[in-house]
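Note that ligands are numbered from 1 as they come in the structure, with each ligand's atoms numbered from 1 the same way.
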Amino acid sequence: MKIKLPALFGLLLAGIAPLKAQQINEQEVNRIISVLAADSLQGRNTYSPGIEKASLFIESEFAKAGLIPLPGAQDFRQRFATVGRKIYALDSVPADQSAQFLHNVTGMIKGSSKPDEYVIFSAHYDHIGILKAVEEDSIANGADDDASGVTAVILLADHFAKHPPERSVIFTAFTAEEIGGFGSRYFSKQLDPAKIVAMFNIEMIGKESKFGRNSAFITGYERSDFGKILQKNLDGSSFQFHPDPYPEQRLFYRSDNATLARLGVPAHTISTTQIDKDTLYHSVNDEIESMDMKNIADIIEAIAVSAKSIVGGKDTPTRIAEENK
Ligand SMILES: [Zn+2]
């Protein structure tokens, strides 16, 4: 059968039209995560020279995206001190104690119509440093945990800078998650929780979830309607956010969302980890070779799309029940 040229053209157009260009670029994912998980960063242990290198890189990416420092800050470093497991603001360290110094990397985009309402995207940039050598490799690179999440935060900063939000959006890379969540504990005290509309914490999105491609899970899914809002914004796509399939692992309380969640903020962690059988977790083999770059780009893309109505000031997730402090 002969097809007339205009008809053929129409068929081609019909085939092309439904495809929407992906906004999050896989090559960019590869570039960023490769820097963060490089051997030269020595596993990004808190207080180490390696984590300082990670910080400098994240700061340069935040600057490139066009983020501004938080109100009252001169730069992207949110500095504080620790003495043992106690956390202090820099001006309140007891004089007779020897403190250690550390910082979160934090920047923001000011909202155009609701600047006093905040949405947070976060991940932790520290990892566990150097371990006992396995086949002459002793660096715990932490590609999945949590260079993958920091990569998401950097690319979401770039994305929302290009699509200016109605609410203010804060992007933060937390320090010292692995040794006690010090970074998120300090961060959470610097803002009024009543002004924080939602927190998207991103932990380990480097590999396929147990539900396969185009899926991730949300910890504490049933504690607010955050997950339902995200899913609604994905109408017409095949991406699915699931409730946390590992409730026995208590992941809701094991990441940086927990501090703000206890204060009532709809603060959830988005992840794809198969924590029950991931043999690379906290090992020297959590390296970029095991990362699925396409999957990471797809998850970040889904987060960008699903956050649209929250960042845009149209949807406000219900609060999480506060816990005794
Ligand atoms: Zn982690």
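Here the side chains of T175 and H124 are not in contact, with every heavy-atom distance at 4.5 Å or above.
Residue contact annotation: E178 places no N/O/S atom under 2.8 Å from the Zn ion (ligand 1). Put simply, H127 stays out of reach of the Zn ion (ligand 1), with no N, O or S atom under 2.8 Å from it. Metal site remark for the Zn ion (ligand 1): E203 contributes an N, O or S atom at a distance under 2.8 Å.
With 3.5 Å as the limit, one finds a donor-acceptor pair spanning the side chains of S122 and N201. With 3.5 Å as the limit, one finds no donor-acceptor pair spanning the side chains of R44 and S55.
Taking the N/O/S atoms of D145 in turn, the shortest distance to the Zn ion (ligand 1) belongs to OD1.
For the pair R223 and F252, the cation-pi test (distance below 6.0 Å, angle within 45°) is passed.
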